[in-house]
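One structure below.
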2 protein chains.
Amino acid sequence: MEPAAIVLDLNQLRRSCGSCALHELCLPAGIGVADLQRLDATVKDKRMLDRGAMLYREGDKFDALYVVRSGSLKTFVQNEAGDVQILAFHLPGEIIGFDALASDRHVSQAEALERSSVCELPYAKLQQVASEVPALHRQLMRVISREVVEEHRHLVMMGRQQAQEQLATFLRSLADRYQRLQRDSTALNLPMSRYDIANYLGLVVETVSRLFSRMEEMGVLEVNRKSVRVLRPDLLAGLCRADAASKRKDAG
Amino acid sequence: MEPAAIVLDLNQLRRSCGSCALHELCLPAGIGVADLQRLDATVKDKRMLDRGAMLYREGDKFDALYVVRSGSLKTFVQNEAGDVQILAFHLPGEIIGFDALASDRHVSQAEALERSSVCELPYAKLQQVASEVPALHRQLMRVISREVVEEHRHLVMMGRQQAQEQLATFLRSLADRYQRLQRDSTALNLPMSRYDIANYLGLVVETVSRLFSRMEEMGVLEVNRKSVRVLRPDLLAGLCRADAASKRKDAG
DNA sequence: CGGTATATTGAATCGCGTCAATCGCGGTGG
DNA sequence: CCACCGCGATTGACGCGATTCAATATACCG
């Protein structure tokens with residue numbers, strides 16, 4: 001698959017979960033030191049992905065979950081006609097692949113947005129360790145549940161917000177995750193294209209482009225292609241809320 | 001909480017998972033007979049809910065999952081301003097409450113759409129049994145994963161389809177679930193209001209109403225308030241697909 | 001340096017939301 | 001049993017926001 005040189009690099013890069021910088025964001029969170037070693041043993045060597053490389057495709061047999069270690073990925077579904085809907089963008093520390101648990105086959109696809117690395121967690125091994133380490137099981141369930149909650153946010157964004165609110169919400173969620181990663185949450189780097197952003201929000205690319213321009217005029221952002229500086233986080237937060245009653249309050 | 005007479009009824013109605021009609025759709029699916037008894041022991045008495053009654057609210061402490069036994073519920077999130085987004089409608093055999101696993105508190109709400117009954121699965125007990133019955137664990141993971149996949153469908157519907165396609169897709173998904181329940185999938189009974197349907201799809205109630213009328217004119221449906229007859233399932237299926245390239249094919 | 005994909009901007013169109021009026025069903029009380 | 005009331009549902013007229021179509025600008029990559 002990859003040149004031998006790169007494979008060697010990977011082996012060098014191999015680290016234990018215990019010493020990983022993402023430790024607290026990742027599966028090990030809340031797991032004791034002793035059990036950590038057992039989890040550690042299940043992690044296969046990291047995989048490097050070039051920009052545009054697929055981590056898994058729809059229909060692929062499910063055999064592992066993946067933790068984003070560096071870089072970023074997008075996950076999406078695609079129908080027969082080729083239409084794509086992006087489900088999420090994934091930053092370091094985030095775990096992907098849960099869609100396949102139901103049917104043993106992936107029903108979505110994962111693609112690297114830039115050169116990225118992931119830790120592979122073979123599910124059979126993971127399950128075995130989890131059966132002996134209850135804390136790991138709880139943690140696994142928590143992580144899936146977080147994904148469910150995150151999708152709720154996506155649904156609210158698409159269903160109740162208008163375009164500008166959506167983009168503001170998207171940027172804020174990105175900023176929040178930057179903060180968790182100890183990055184400067186006002187200096188966002190957008191690894192995905194405008195098309196990706198538009199697709200994720202259920203809009204067309206022109207609308208997204210116009211909104212970036214408008215927010216720049218308003219003095220909220222400073223946009224420069226993939227680099228976005230948040231000049232006024234307070235204003236950005238304000239743009240997320242629909243002040244007027246949006247569409248419907250309570251469906252009694 | 002409830003009158004004593006009703007509580008007595010509940011005790012009478014108490015059935016084991018093994019003899020439940022929903023057996024194959026519910027948590028027990030794929031669990032051996034021996035283990036079934038252990039699962040069975042964790043199920044608390046059923047709860048009856050009148051139309052409009054809340055099963056849980058946002059912020060409630062998480063202590064159980066629930067299986068819809070009869071009737072139907074809606075789950076939704078609500079922001080500070082009171083805006084509601086309906087996440088899903090739940091028919092018999094479906095399990096709800098997974099949103100709370102992440103934080104030990106519910107982040108969504110569940111309300112009965114009609115007089116309904118649910119089986120309560122206290123999570124502490126469930127976890128204990130699951131730790132001794134690996135098959136149950138796998139099944140639990142599968143069920144959550146199904147929820148993730150179902151939300152993907154909801155996202156695609158909202159993000160890529162226009163109003164008429166959305167309503168058609170909604171009706172078809174309902175018909176599919178009717179079929180699983182061995183009900184006549186061409187005679188749909190909509191327990192939720194037009195407001196609920198509109199909210200679920202990210203539309204306003206007038207649009208939904210107009211679409212029902214239009215589909216009736218087209219000869220696809222026969223609509224009578226809450227009762228909808230599907231006259232032409234083939235046409236309905238056709239309405240789900242956006243023939244034209246909808247917004248964006250591949251976000252490469 | 002040229003070719004191509006990505007991004008921005010403008011003008012015209014249209015689908016859906018908003019506002020408003022009416023209908024029809026279900027529950028209630030006289 | 002019927003008149004009344006109230007809420008959910010339907011229908012029409014109108015306006016706005018987002019898409020569509022089209023042109024141009026800018027970055028990226030060989």
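Here is the naming used below: chain letters follow the sequence lines, and residue numbers restart at 1 for every chain.
- Screening residues 219-229 of chain B for side chain to side chain donor-acceptor pair (under 3.5 Å), with sequence neighbours left out, gives no hits.
- Remark: B:Ser213 pairs with no residue by the side chain to side chain contact (heavy atoms under 4.5 Å, CB included) rule, at least two apart or across chains.
- Using five terminal pairs a side, the axes of the helix from C:dC1-D:dG30 to C:dG30-D:dC1 at its two ends make an angle of 40°, given in steps of 10 degrees.
- Atom pair B:Asn199:CG and D:dA9:P shows a separation of 13 Å (rounding to whole Å applied).
- Applying the salt bridge (Lys or Arg N to Asp or Glu O under 4.0 Å) criterion to A:Glu150, with sequence neighbours excluded, gives A:Arg153.
- Phosphate contact (OP1/OP2 of C:dT6, side-chain N/O of A:Lys226, threshold under 4.0 Å): absent.
- Partners of B:Tyr56 under the ring-ring contact (aromatic ring centres under 6.0 Å, His included) rule, at least two apart in sequence or in another chain, are B:His106.
- Within the structure, no pair that satisfies the ring-ring contact (aromatic ring centres under 6.0 Å, His included) test touches residues 216-239 of chain B, not counting sequence neighbours.
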Identify the pairs formed between an N or O of the protein and an N or O of nucleotides 12-17 of chain D at a distance under 3.5 Å, and give each distance.
residue	atom	partner	partner atom	Å
D:dG12	N7	B:Arg210	NH1	2.8
D:dG12	O6	B:Arg210	NH2	3.4

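- Applying the ring-ring contact (aromatic ring centres under 6.0 Å, His included) rule to B:His90 yields no partners; only residues at least two apart in sequence or on another chain are considered.
- Sequence neighbours left out, the pairs with a member in residues 173-187 of chain B that pass side chain to side chain donor-acceptor pair (under 3.5 Å) are B:Glu94-B:Arg177, B:Asp184-B:Thr186.
- Qualifying side chain to side chain contact (heavy atoms under 4.5 Å, CB included) partners for B:Ser209, counting only residues two or more places apart in sequence or in other chains: none.
- A heavy-atom distance below 4.0 Å to DNA chain D is reached by these residues of residues 216-225 of chain A, ordered by number: A:Arg225.
- The interatomic distance linking B:Arg194 (CZ) with C:dC25 (P) rounds to 13 Å, in whole Å.
- With sequence neighbours left out, A:Glu114 forms a side chain to side chain contact (heavy atoms under 4.5 Å, CB included) with A:Ser72, A:Ser116, A:Pro191.
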